[in-house]
Amino acid sequence: MAIAITFATPINTFLALIQYLLLGRRIAKTELETPPVFIIGHWRSGTTLLHELLVLDARQSSPSTYQCFAPHHFLVSEWFFRTFGTWLLPNRRPMDNMAAGWDRPQEDEFAIVNLGLPSPYRRIAFPNCPPPDLSYFDTEQLTLEERTRWTDALERFLLRVTYRTGRPLVVKSPTHTGRIATLSRAFPGAKFIHITRDPRSLFPSTVRLWKSLEEAQSLQVPADNDLETYVIDCFKRMYTAFERDRNSLDPSLIIDIRYEDLIADPVQQLEAIYSHLKLGDFDYVRDVIVEWVQTQHKEYKTNRHQLPAENEALIREHWGDYFDRYGY
């Protein structure tokens with residue numbers, strides 16, 4: 001990993017300069033088509049599945065995996081990697097059954113960390129160090145200068161994606177869950193889809209997620225890092241901020257759905273989202289969603305997790321409000 005990064009760094013710098021020289025003025029004149037739709041919710045709560053379903057609508061777009069992994073220069077380099085670099089990614093994500101690929105929708109937190117901004121995802125590279133940037137789970141706690149730097153960089157990235165797609169954006173990152181106040185100020189009129197899941201599945205699945213990321217992408221040999229405590233702490237930070245700030249939003253700009261309901265009836269849940277957030281005529285995309293349900297949804301299988309009794313007692317103690325508020 002260290003060798004690969006060392007060789008990639010000057011290439012990334014050179015390509016970023018080329019993109020700035022060729023397209024900098026055009027990007028500066030670009031505007032978002034509409035305020036973004038943000039998908040939020042804890043890791044492993046179904047945010048990826050919901051993201052994939054929403055971008056089946058050809059009227060909408062999303063940051064892709066390549067764009068998030070090469071945010072400085074994807075406008076000039078994406079064609080090459082999508083044509084010749086497909087072998088660099090697995091067909092499916094290691095932590096679940098979801099498909100992977102350069103052109104698949106991706107969470108923009110990877111773009112944020114690759115742009116050099118503070119992000120809790122820096123922990124993936126250095127899992128044996130103290131967890132970094134925990135304050136960025138709640139951006140309202142940052143100084144005005146820190147918050148402005150963060151929102152400006154995110155906006156510049158989304159403008160580059162808009163320049164490429166020319167369509168409204170659906171953006172997904174679990175880390176945005178505690179940032180809704182900051183995001184609604186930075187993108188007036190932004191809409192939020194909040195998805196929840198039974199914590200007895202969320203907890204073991206998230207621990208597994210962090211373990212798989214450490215094994216695949218870290219620059220250290222992962223030690224025993226007490227992931228259970230880290231998962232509990234992250235959850236509390238993001239949901240303390242979320243529940244504090246959600247009442248400041250116009251209720252018409254946010255909707256709650258449950259993962260269990262989405263799995264049971266994707267068409268009904270998508271239609272409810274379109275209706276509440278006024279995302280357009282759902283009939284335009286209904287047949288596409290129905291086809292997905294009749295084909296790919298039958299093949300999709302949720303990982304099963306066994307939660308020891310002591311772990312269930314632990315999360316009920318620390319996540320009790322979530323259990324009660326969302327009916328678990």
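For the numbers below, each heavy atom of this structure counts, side chains included, while hydrogens, waters and symmetry mates do not. All residue numbers in this chain count up from 1 along the given sequence.
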Decide yes or no on side chain to side chain contact (heavy atoms under 4.5 Å, CB included) for Q220 and E214, but give the supporting numbers first.
-> CA-CA 8 Å; Q220 299 172 322; E214 289 180 2; over 6 Å; no
Looking at every heavy atom in both [X] and [Y], which two are closest together, and how far apart are they?
| X | Y | result |
| --- | --- | --- |
| F192 | L277 | O-CD1, 4.2 Å |
| T177 | G41 | OG1-N, 2.9 Å |
| L202 | R197 | CD1-O, 3.6 Å |
| L262 | I195 | CD2-CD1, 4.0 Å |
| P63 | C68 | CB-SG, 3.7 Å |

Are the side chain of [X] and the backbone of [Y] linked by a donor-acceptor contact shorter than 3.5 Å?
| X | Y | answer |
| --- | --- | --- |
| T139 | T182 | no |
| S275 | A272 | no |
| N128 | A223 | yes |
| H318 | K236 | no |
| R237 | D138 | no |
| S218 | A125 | no |
| H73 | E78 | no |
| T162 | L32 | no |
| D133 | S119 | yes |
| Q106 | Q67 | no |

Nearest 0.5 Å, please: how far is [atom2] in [Y] from [atom1] in [X]?
| X | Y | atom1 | atom2 | answer |
| --- | --- | --- | --- | --- |
| F14 | L17 | CZ | CG | 7.5 Å |
| E260 | D265 | CD | CG | 14.0 Å |
| F282 | R286 | CZ | CZ | 5.5 Å |
| W43 | L213 | CH2 | CG | 10.0 Å |
| K191 | I273 | NZ | CD1 | 12.5 Å |

Measuring centre to centre across the rings, with the benzene-like ring taken for any Trp, is [X] within less than 6.0 Å of [Y]?
| X | Y | result |
| --- | --- | --- |
| H72 | F157 | no |
| H42 | Y322 | no |
| Y66 | F69 | no |

Do [X] and [Y] touch side chain to side chain, with heavy atoms closer than 4.5 Å?
| X | Y | result |
| --- | --- | --- |
| F203 | E228 | yes |
| M238 | H176 | no |
| L183 | L154 | yes |
| V161 | V171 | no |
| L169 | E33 | no |
| Y259 | T47 | no |
| T30 | R26 | no |
| Y20 | L75 | no |

Relative to F323, does R316 satisfy both conditions: NZ or CZ under 6.0 angstrom from the six-membered ring centre, and within 45 degrees of the ring's axis?
->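 Flagged: R316 positioned over aromatic ring of F323.
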Is it the case that R179 places NZ or CZ above or below the six-membered ring of F38, under 6.0 angstrom from the centre and within 45 degrees of the axis?
-> no
Given side chain to side chain donor-acceptor pair (under 3.5 Å), test R44 with S205 step by step and report yes or no.
-> CA-CA 6 Å; R44 314 305 301 134; S205 187; 2.8 Å; yes
Please tell me whether [X] and [Y] are part of a single hydrophobic cluster in this structure, the criterion being side-chain heavy atoms less than 4.5 Å apart.
| X | Y | result |
| --- | --- | --- |
| Y121 | L219 | no |
| I193 | L253 | no |
| W319 | V207 | yes |
| I263 | L56 | yes |
| L54 | V290 | yes |

Atom CD of E310: over 12 foreign heavy atoms under 6.0 Å =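 Count over threshold, so yes.
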Should Y326 and H194 be marked as a ring-ring contact (aromatic ring centres under 6.0 Å, His included) after you check the CA-CA gap, both sets of side-chain angles, and the distance that decides it?
-> CA-CA 11 Å; Y326 300 109; H194 174 232; 5.4 Å; yes
Check step by step if side chain to side chain contact (heavy atoms under 4.5 Å, CB included) holds for T229 and D226.
-> CA-CA 6 Å; T229 299; D226 193 11; 2.7 Å; yes
Salt bridge flag under 4.0 Å for residues E107 and K172 |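 Looking at E107 and K172, the cut-off is met.
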In terms of side-chain geometry, is the basic nitrogen of R185 or D245 positioned less than 4.0 Å from the acidic oxygen of its partner?
->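 So R185 does not pair with D245 through a salt bridge.
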Test side chain to side chain contact (heavy atoms under 4.5 Å, CB included) applied to E312 and R200, step by step | CA-CA 7 Å; E312 180 170 350; R200 289 161 291 194; 3.5 Å; yes
What residue among R122, R149, E109 forms side-chain contact (heavy atoms from CB on, under 4.5 Å) with L117?
->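 Checked R122, R149, E109 against L117; only one passes side-chain contact (heavy atoms from CB on, under 4.5 Å): R149.
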Which is it for E155 and L159 under the side chain to side chain contact (heavy atoms under 4.5 Å, CB included) test, yes or no, and what are the steps along the way?
-> CA-CA 6 Å; E155 182 179 18; L159 287 173; 4.1 Å; yes
